[in-house]
Visitor: 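A single structure is presented below for examination.
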Number of protein chains: 2
Amino acid sequence: MHPRIVDTLKRNQLSITDSRKKILEMFLQRKGALAHADIEQQSGEEFDRVTIYRTLQTFVEKGIIHTIPSADNSVRYALCKDDCSEGHHHDNHVHFMCDHCGTTYCLDHVTVPAVVLPSGFKVTQVDVVASGTCMKCQ
Amino acid sequence: MHPRIVDTLKRNQLSITDSRKKILEMFLQRKGALAHADIEQQSGEEFDRVTIYRTLQTFVEKGIIHTIPSADNSVRYALCKDDCSEGHHHDNHVHFMCDHCGTTYCLDHVTVPAVVLPSGFKVTQVDVVASGTCMKCQ
DNA sequence: TATTATTTTGCAACATTGTTGCATTTGAAC
DNA sequence: GTTCAAATGCAACAATGTTGCAAAATAATA
Ligand SMILES: [Mn+2]
Ligand SMILES: [Mn+2]
Ligand SMILES: [Zn+2]
Ligand SMILES: [Zn+2]
């Protein structure tokens with residue numbers, strides 16, 4: 001088991017349960033983003049669908065993972081690598097979704113450019129999602 | 001009825017039906033983006049849910065409307081204002097979702113900034129979705 | 001305009017996805 | 001080990017999305 005798992009859960013004052021350990025491990029191994037359906041498939045019958053929903057929700061609230069918007073009604077989740085904490089996400093990096101293999105990448109080193117909006121709009125967050133073909137699918 | 005409705009349908013080689021006229025009118029009047037659920041509510045019992053799904057799909061394919069990604073499993077749709085056509089969208093403007101009132105705006109005059117990705121990624125589209133508070137909700 | 005051919009619609013049936021309440025189980029604290 | 005709080009599984013439900021097909025509406029043709 002990945003050494004960071006228990007650490008992360010403790011640091012966020014979450015009790016150490018099988019499902020949390022397993023789901024967090026999936027994120028740590030897979031690197032790329034995961035949709036709810038991916039987790040459900042990978043885990044087989046190991047735990048209930050409802051538990052996955054609640055675990056993802058908890059992880060987002062605690063700042064362990066962040067959501068990635070999509071245009072296909074299938075939100076992805078990925079590990080936060082920055083200094084995110086309860087209620088304060090700082091995942092201002094660009095995401096990439098491959099049209100071919102479906103993989104979603106967190107481009108941690110590509111920060112979202114500043115966007116200047118018309119006066120009147122108070123911006124608190126900017127999501128940038130690029131899509132196309134990834135290096136594996138050329 | 002809005003004068004552009006029949007024009008738009010004809011230009012895209014779509015037959016003029018009640019549901020298409022009505023749904024297109026909603027987009028022309030409302031300006032902001034609409035989710036499937038919005039359309040279903042606004043139309044009451046006028047036509048079937050399935051018809052709405054199919055109409056939205058057709059409009060997207062024809063380049064009449066475009067999708068706006070979201071992080072809450074609720075894709076929005078908005079009128080294309082550019083030179084979009086069948087299979088070729090060019091809606092490279094920024095979108096804004098108000099956290100308070102839920103309105104989604106197409107900021108037609110704010111073009112998406114160029115993003116430079118690591119080599120290996122072939123980008124075909126970039127979506128920028130900002131969120132925060134809109135001018136009406138300050 | 002009337003007839004025919006094509007397209008769209010509504011309906012039903014189904015699949016998938018997401019939510020809620022509550023009893024049971026598990027983990028943390030003592 | 002016992003106690004208390006939190007998390008889980010289950011069931012039941014709601015919401016969302018998909019497909020096939022007969023009926024209806026529209027477009028094309030005569
Ligand atoms: Mn990310
Ligand atoms: Mn738009
Ligand atoms: Zn790929
Ligand atoms: Zn607002």
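As the structure is a prediction and not an experimental result, all values here were calculated from the model. The sequence lines fix the lettering, A, B, ..., with proteins before strands; numbering per chain opens at 1.
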Visitor: Which value, rounded to the nearest 0.5 Å, describes the distance between H36(A) atom NE2 and S74(A) atom OG?
Guide: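 Answer rounded to 0.5 Å: 10.5 Å.
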Visitor: So, taking the atom named NZ in K31(A) and the one named CG in L79(A), what distance separates them when rounded to the nearest 0.5 Å?
Guide: 7.5 Å
Visitor: Which atom names give the shortest non-hydrogen contact between M97(B) and P69(B), and what distance separates them?
Guide: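 Closest pair (atom of M97(B), atom of P69(B), distance): SD-O, 4.4 Å.
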Visitor: Measure from CG on D72(A) to P on dT17(C) and round the result to the nearest Å.
Guide: 11 Å
Visitor: State yes or no: do L34(A) and L9(A) share one hydrophobic cluster built from I, L, V, M, F, W and Y residues joined by side-chain heavy-atom distances below 4.5 Å, directly or via other members?
Guide: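 They do share one cluster, since a chain of ILVMFWY contacts under 4.5 Å joins L34(A) to L9(A).
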Visitor: Does the side chain of T55(B) pick up a donor-acceptor pair with the side chain of R20(B) at under 3.5 Å?
Guide: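 The criterion, which ignores hydrogens and geometry beyond distance, is not satisfied for R20(B) and T55(B).
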Visitor: Whole-Å distance between dT8(D) C1' and E45(A) CD?
Guide: 15 Å
Visitor: To the nearest Å, how far apart are L24(A) CG and dA7(D) P?
Guide: 15 Å
Visitor: Give the rounded distance in Å between these two atoms: CD of Q41(A) and P of dT16(C).
Guide: 11 Å
Visitor: Assign a letter to each nucleotide of nucleotides 25-30 of chain D from its 5' end: B, base within under 4.0 Å of a protein heavy atom; S, sugar-phosphate only; -, no contact.
Guide: -SS---
Visitor: Write down the distance between CZ (R20(A)) and C1' (dT26(C)), rounded to a whole number of angstrom.
Guide: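 It works out to 11 Å between those atoms.
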Visitor: Starting at CG of L117(A), measure out to NE2 of H109(B) and round the result to the nearest 0.5 Å.
Guide: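 Going from the CG atom of L117(A) to the NE2 atom of H109(B) covers 13.5 Å.
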Visitor: To the nearest 0.5 angstrom, please state how far the NZ atom of K21(A) sits from the OG1 atom of T17(A).
Guide: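 Reported value, rounded in 0.5 Å steps: 8.0 Å.
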Visitor: Nearest whole angstrom, please: distance from the P of dG18(C) to the CD1 of I39(A).
Guide: 11 Å
Visitor: Out of curiosity, E40(A) CD to I52(A) CD1, how far, rounded to the nearest 0.5 Å?
Guide: 5.0 Å
Visitor: Let me confirm one number: the OH-CD1 distance from Y77(A) to I39(A), rounded to the nearest 0.5 Å.
Guide: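 Here the rounded value is 8.0 Å.
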Visitor: I need the CG-P distance between D48(A) and dG21(C), as an integer number of Å.
Guide: 16 Å
Visitor: May I have the distance from K10(A) (atom NZ) to dA28(C) (atom C1'), rounded to whole angstrom?
Guide: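 Computing the K10(A):NZ to dA28(C):C1' distance gives 11 Å.
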Visitor: Using a 4.0 Å heavy-atom cut-off, write out nucleotides 14-21 of chain D from 5' to 3' as B (base contacted by protein), S (sugar-phosphate only) or - (no contact).
Guide: --SBBBB-
